[in-house]
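Sequential numbering from 1 along the given sequence is applied to the chain's residues. Hydrogens, waters and symmetry mates are skipped; everything else that's a heavy atom, side chains included, is used.
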Amino acid sequence: MQFIKTLFWVILAVILVVFAVNNWSPTSVLIWEDIRIDTKLPVLVIGAFLLGFVPLWLIHRASRWRLNRRIKTLEAAARPAPAPTATVTTSTAPKPSSAPTPQTKPAAAPLDLGKEQISEPAPAVSPITGDDKAAST
């Protein structure tokens, strides 16, 4: 993919240079009634392109940055919380009695059953055979 991207930019640069060399002629641009700019044609064309391209490119980059931040925040929120680890105390002094602390459940691990651990479901209704009909009447 990087090769294709590099190839695209190289081809674009070659086309731009060929255009600039073939059209290197002075051009006069009237901006207002009293302001006239004399410039070369390739500078005018490239400047007009950049004037339209750069603001939209900046808006695109800003929205990509904002969306990537949002995705990372949502991914971080979706990750399970790490299980609390038990701490071992080595002191022999009795622990002062205080209000009992509520027990927290460890985070449930996702089910990862193998094919051999999954059993066939039992039928919802057992079939009635001829012997069962006689016994029920």
Side-chain angles (χ1 to χ4, degrees):
M1 185 67 178
Q2 184 66 27
F3 173 75
I4 295 172
K5 189 187 276 187
T6 304
L7 183 65
F8 170 76
W9 286 111
V10 167
I11 290 172
L12 187 68
V14 168
I15 290 171
L16 190 64
V17 167
V18 169
F19 171 78
V21 168
N22 289 333
N23 294 301
W24 198 257
S25 60
T27 305
S28 181
V29 179
L30 181 66
I31 295 183
W32 284 285
E33 289 184 22
D34 56 342
I35 299 176
R36 180 178 297 267
I37 297 176
D38 293 325
T39 183
K40 301 292 184 184
L41 184 63
V43 174
L44 183 65
V45 171
I46 293 169
F49 172 77
L50 290 177
L51 190 64
F53 177 77
V54 170
L56 294 176
W57 180 75
L58 289 174
I59 290 170
H60 167 72
R61 295 297 293 178
S63 66
R64 267 186 78 181
W65 174 76
R66 183 176 45 90
L67 290 174
N68 281 336
R69 265 188 38 214
R70 194 175 195 185
I71 288 170
K72 287 179 185 175
T73 303
L74 291 173
E75 285 176 347
R79 275 192 220 115
T85 58
T87 58
V88 177
T89 57
T90 57
S91 69
T92 57
K95 188 175 183 181
S97 63
S98 63
T101 59
Q103 298 291 330
T104 58
K105 291 183 181 178
L111 293 177
D112 190 18
L113 299 176
K115 192 173 185 179
E116 64 277 352
Q117 293 174 327
I118 301 173
S119 63
E120 291 293 322
V125 177
S126 62
I128 298 177
T129 60
D131 297 334
D132 293 337
K133 283 183 186 178
S136 65
T137 54

To the nearest 0.5 Å, how far apart are CG in Leu74 and CD1 in Ile71? 8.0 Å

Please name the pair of heavy atoms, one in Arg36 and one in Leu30, separated by the smallest distance, quoted to 0.1 Å. NH2-CD1, 4.1 Å

Are Leu12 and Ile4 joined in one hydrophobic group, where the rule is that I, L, V, M, F, W and Y side chains link up if heavy atoms are under 4.5 Å apart? no

If Ile, Leu, Val, Met, Phe, Trp and Tyr residues are connected whenever their side-chain heavy atoms lie under 4.5 Å apart, and connections chain through other members, are Trp57 and Leu16 in the same group? yes

May I ask whether Ile15 and Trp9 are part of the same hydrophobic cluster, defined by side-chain heavy atoms of I, L, V, M, F, W, Y residues being less than 4.5 angstrom apart, directly or through others? no

Here the gap from Arg70 atom CZ to Asn68 atom CG, rounded to the nearest 0.5 Å, amounts to 12.0 Å

Quick one: is the NZ or CZ of Arg61 closer than 6.0 Å to the six-membered ring centre of Trp65, and within 45° of its axis? no

Answer yes if Met1 and Phe8 sit in the same cluster of Ile, Leu, Val, Met, Phe, Trp and Tyr residues linked by side chain heavy atoms under 4.5 Å apart, and no otherwise. no

Is any side-chain heavy atom of Lys40 closer than 4.5 Å to one of Pro26? yes

Provide the closest heavy-atom pair for Phe19 versus Pro42 in the form atom of the first, atom of the second, distance. CE2-CA, 4.0 Å

Say you draw a straight line from CD1 of Ile46 to CG of Leu41; how long is it, rounded to the nearest 0.5 Å? 9.5 Å

